[in-house]
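A quick write-up on the structure given underneath.
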Amino acid sequence: MFRHNLPLKKISLLAATCGGLLVTLATLSQAGGPPPQSGKPVSQPTPAATPATGKPVDEPSPTVSPSPNGMPSKPTTDAPPRFPMPGARVTPAEGMVVIKLVNTTNAVINYQVVGVTPPRTLGEQSEILLQNIKVPITLTYQRPDGGLLLVRPQATAMPGMLQVSFGATTDLGADTKSMEIQEDGRVFLN
């Protein structure tokens, strides 16, 4: 009785499988592809040497970066960074930082310095100073209404102080939920 639907079911199963494969490939390309491998891949032969330089073709040529005094320093290769670049840098004073949170939105923001403070609320258009926070730290934040936040950390003229401004955004790619300050003062948004 339902035998005429059997080919349609096979086609829909095939379409669902192909659709899942396409979504997986798109996700991999958005994530930057597969993780980098260390060492030489097995499937590639040894690179041929160029006659002019005698160096392998696919090896990056070193560049000379200027030092702070204007003189060339040691050669470096132009390899892309493996991790995200820091959003800011702050110089901890005796392993401690001061964080000034500035809310420029018309919504409250819930925040917490993990392991240091209980969950707190930062009011609309307000600011607060968190003093003597020992690094490394993780600061979590979110709007209770589910709105997106554009977070801009920046070091101030005062040593050991970091100002973190919260603004509203509609860009899902700019929204973050936490900030990490490492022992050396690098600030990362996640």
Considering all heavy atoms of both residues, which atom of T104 and which atom of G167 are nearest to each other, and what is their separation?
OG1-CA, 3.5 Å
Any heavy-atom pair between the side chains of L150 and D171 that's under 4.5 Å?
no
Taking T156 for its side chain and M161 for its backbone only, find out whether a donor-acceptor pair lies under 3.5 Å.
yes
Minimum-distance pair of heavy atoms, taken over all atoms of G123 and N103
O-ND2, 2.8 Å
Value rounded to 0.5 Å, distance of NZ in K177 from CG in L189:
12.5 Å
Would you confirm whether T117, through its side chain, and V113, through its main-chain N or O, come within 3.5 Å as a donor-acceptor pair?
yes
With rounding to the nearest 0.5 Å, note down the distance linking CZ in R152 to CZ in F166.
10.5 Å
Any donor-acceptor pair under 3.5 Å linking the side chain of T91 with the backbone of G160?
no
Hey, what do you get for CG (N190) to CE (M179), rounding to the nearest 0.5 Å?
10.5 Å
Write down the atom of M85, the atom of F188, and the distance for their closest heavy-atom approach.
C-CE2, 3.9 Å
Under 4.5 Å between side-chain heavy atoms, hopping through other hydrophobics if needed: is there a path connecting V102 to V90?
no
Atom CD1 of I109 and atom CG of L101: how far apart are they, to the nearest 0.5 Å?
8.5 Å
Is any side-chain heavy atom of V97 closer than 4.5 Å to a side-chain heavy atom of L162?
no
side-chain contact (heavy atoms from CB on, under 4.5 Å) test vs P153 passes for just one of V187, L139, I99, namely V187
Can a donor-acceptor pair be found, under 3.5 Å and without considering hydrogens, that links the side chain of Y111 to the backbone of P119?
no
side-chain hydrogen bond (donor to acceptor under 3.5 Å, both in side chains) against T140, all qualifying residues, sequence neighbours excluded:
none
Minimal heavy-atom distance between I137 and K134, with the atoms involved, is CG2-O, 2.8 Å
Looking at every non-hydrogen atom in both residues, tell me the closest pair between V116 and I133 and how far apart they are.
CG1-CD1, 4.2 Å
Could you tell me whether the side chain of E183 and the main chain of G95 form a donor-acceptor pair under 3.5 Å?
no
Given the rule that I, L, V, M, F, W and Y join up when any side-chain heavy atoms are under 4.5 Å apart, are M158 and I181 in one cluster?
no
So, for R143 and A168, which heavy atoms are closest and what is the spacing to 0.1 Å?
NH1-CB, 3.8 Å
For atom CG of L129, decide whether the heavy atoms of other residues, nucleotides or ligands shown that lie under 6.0 angstrom number more than 12.
yes
Between Q125 and N106, is any side-chain donor less than 3.5 angstrom from a side-chain acceptor?
yes
How long is the straight-line distance from CG of D175 back to OG1 of T170, given to the nearest 0.5 Å?
10.5 Å
Side chains of N110 and T121 only: does a donor on one sit below 3.5 Å from an acceptor on the other?
yes
